[in-house]
Amino acid sequence: MMALRRTMLYLPGNNPNMLMRGHLFKPDGVILDLEDSVSLGEKEAARILVRETLKNVDFGECEVTVRINGLDTPFWKRDLEEVIPWGIDGIRVPKVETPQDVKLLDEAISEIENKHNLPEGKVQITCLLETALGIWNAYHIATASKRVTAICPGGEDLRADLKTSRSENSEELVGPRRMVVLAAHAAKVDPLDTVFADITDDEGLRRETQWVKQIGYQGKSVIHPNQIPIIHDVFTPTEKEIAQAQKIVQAAKEAAEKGLGAVSVDGKMVDRPVVKRAEYVLQRAGLLEGGE
Ligand SMILES: CC(C)(COP(=O)(O)OP(=O)(O)OC[C@H]1O[C@@H](n2cnc3c(N)ncnc32)[C@H](O)[C@@H]1OP(=O)(O)O)[C@@H](O)C(=O)NCCC(=O)NCCSC(=O)C[C@@](O)(CC(=O)O)C(=O)O
Ligand SMILES: [Mg+2]
């Protein structure tokens, strides 16, 4: 079945309560964070805490990712060495700007996998694109290694790099978000959206999530457990959508049996792209095998 990444919850690497309990809120994934939620003075202690959490906590069905420090810092290699041996699903790497960044990371991960006799290539990479250069290079970054399975705009850092600020409708992120989603689909990796910073604005979160879903995103990073049900609600097909998709798939099947390409359902043309979209709805609902 299609692996869902509707919500990826950040767990600050210096907060034992959040590290141990985050998965209980049932996000699709958790991101144990060693980067921007941890101050410079706490980097070493957080790395140890994150390692111990990985060793001792059963995260159940959650995808487990660690956000390491940037490749331009003295921390990232030690971060990798401490977390990769403990069976994580992936590394989230911040502020990626070029395909060379990805290659460097890929090689460093392979070295650690080999050293610990782990199957090479199992650890996936999610790239955060948080500068204008990173956004510009999105497709080349997404295709720089087979390990890359997702790319995400990093809205907060991006606003800083673009020398702008957070506006009510995040207009400043429209272009970057569209570039990332296009690059992700071209590269056949998951486009995952950035965080919504106002943890009290449920309506704003719902509106933003509906918009990013509409332009092709498959999920969103999350900073507070209260955001999870809202985002799941938006990204989970409704009963009405499922019923419509089943009707379309059934009509297409019957048409194919009669040797027809296009048919109409409820007065609207159903051809191959419409069927593909309906199949995608059923895959997201866990009712059809397949999908990336
Ligand atoms: C905002 C706040 C301080 C509020 O806390 P408060 O404690 O006041 O909230 P309360 O409402 O009191 O919490 C009620 C209960 O939920 C628990 N609880 C809360 N949050 C939880 C959580 N995350 N995980 C597990 N548990 C949680 C809490 O422990 C309590 O549990 P309990 O006491 O047992 O009842 C807290 O949420 C928080 O720290 N969030 C994560 C912040 C973070 O990681 N930032 C970095 C990642 S973004 C970034 O880097 C930008 C980016 O790079 C990224 C990109 O786009 O990807 C870019 O550039 O854009
Ligand atoms: Mg950031």
Side-chain angles (χ1 to χ4, degrees), residues 5-40 42-43 46 49-50 53 57 59-60 62-73 75-76 79 90-97 101 125-135 138 150-167 170 172-173 176-177 180-181 184 190-202 204-205 208-209 212 217-231:
R5 286 172 161 167
R6 297 165 300 178
T7 47
M8 310 294 286
L9 175 64
Y10 275 109
L11 313 177
N14 56 358
N15 187 317
N17 180 40
M18 292 189 191
L19 284 171
M20 286 192 321
R21 298 188 55 243
H23 64 289
L24 302 177
F25 297 102
K26 304 266 182 229
D28 289 333
V30 285
I31 309 162
L32 290 74
D33 185 27
L34 294 170
E35 201 219 10
D36 282 353
S37 64
V38 177
S39 66
L40 272 183
E42 287 190 299
K43 291 292 184 193
L49 190 56
V50 164
T53 306
V57 174
F59 291 95
C62 267
E63 181 175 355
V64 179
T65 304
V66 175
R67 181 166 73 169
I68 58 168
N69 287 285
L71 304 178
D72 57 346
T73 71
F75 306 116
W76 69 277
D79 293 347
I91 292 292
R92 176 174 283 226
V93 56
K95 302 175 182 74
V96 179
E97 295 203 302
D101 289 344
I125 297 175
T126 295
C127 295
L128 269 176
L129 311 179
E130 312 189 81
T131 61
L133 183 58
I135 299 287
I151 56 174
C152 329
E156 297 302 327
D157 274 296
L158 201 46
R159 288 183 179 99
D161 197 55
L162 296 176
K163 302 190 170 36
T164 178
S165 57
R166 196 189 298 149
S167 66
S170 293
E172 65 284 357
L173 297 186
R177 273 182 163 133
V180 171
V181 77
D190 288 343
L192 305 179
D193 190 39
T194 187
V195 298
F196 186 78
D198 186 346
I199 58 175
T200 62
D201 181 6
D202 291 355
L205 172 64
E208 178 169 286
T209 308
V212 297
Y217 279 88
Q218 285 163 15
K220 203 164 165 56
S221 302
V222 177
I223 50 170
H224 192 282
N226 290 352
Q227 298 183 319
I228 294 169
I230 297 170
I231 300 173

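Heavy-atom basis, side chains included; hydrogens, waters and symmetry copies ignored. Read the numbers this way: they start at 1 and go in the same order the structure lists the ligands and their atoms. If you read the sequence from its start, that first residue is 1, and numbering goes on from there.
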Quiz item: So E35 and K43, salt bridge (Lys or Arg N to Asp or Glu O under 4.0 Å) or not? Walk me through it.
Solution: CA-CA 8 Å; E35 201 219 10; K43 291 292 184 193; over 6 Å; no

Practice problem: Show your reasoning for whether side chain to side chain contact (heavy atoms under 4.5 Å, CB included) applies to D101 and V93. | Solution: CA-CA 10 Å; D101 289 344; V93 56; over 6 Å; no

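Atom CZ of R6 and atom CG of D193 lie 15.5 Å apart (nearest 0.5 Å). Of the inter-residue distances, the one linking T73 atom OG1 with I68 atom CD1 reads 7.5 Å to the nearest 0.5 angstrom. Rounding to the nearest 0.5 Å gives a distance of 11.5 Å between CZ of R67 and CG of L11.
Two residues are said to be in side-chain contact when any heavy atoms from C-beta on lie closer than 4.5 Å; Q218 and P191 meet this criterion. Counting only heavy atoms from C-beta outward, the side chains of V195 and Y10 approach each other to under 4.5 Å.
Here E156 does not reach the Mg ion (ligand 2): none of its N/O/S atoms is less than 2.8 Å from the metal. Here E35 does not reach the Mg ion (ligand 2): none of its N/O/S atoms is less than 2.8 Å from the metal.
The Mg ion (ligand 2) lies closest to atom OE1 when only the N/O/S atoms of E130 are considered. Restricting D157 to its N/O/S atoms, the shortest distance to the Mg ion (ligand 2) is reached by OD2.
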Side-chain donor-acceptor pairs under 3.5 Å in residues 154-161, sequence neighbours left out?
from	atom 1	to	atom 2	distance (Å)
E156	OE1	R166	NH2	3.1
E156	OE2	R159	NH1	3.2
E156	OE2	R166	NE	3.4
E156	OE2	R166	NH2	3.2
D157	OD2	K95	NZ	3.2
R159	NE	E172	OE2	2.6
R159	NH2	S170	OG	2.9
R159	NH2	E172	OE2	3.3
D161	OD2	A132	N	2.8

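Closer than 4.0 angstrom to ligand 1 lie heavy atoms from L9, Y10, L11, P12, N17, M18, R21, G22, F25, D33, S37, R67, R92, L128, E130, P153, G154, G155, E156, D157, T194, V195, I199, S221, I223, H224, P225.
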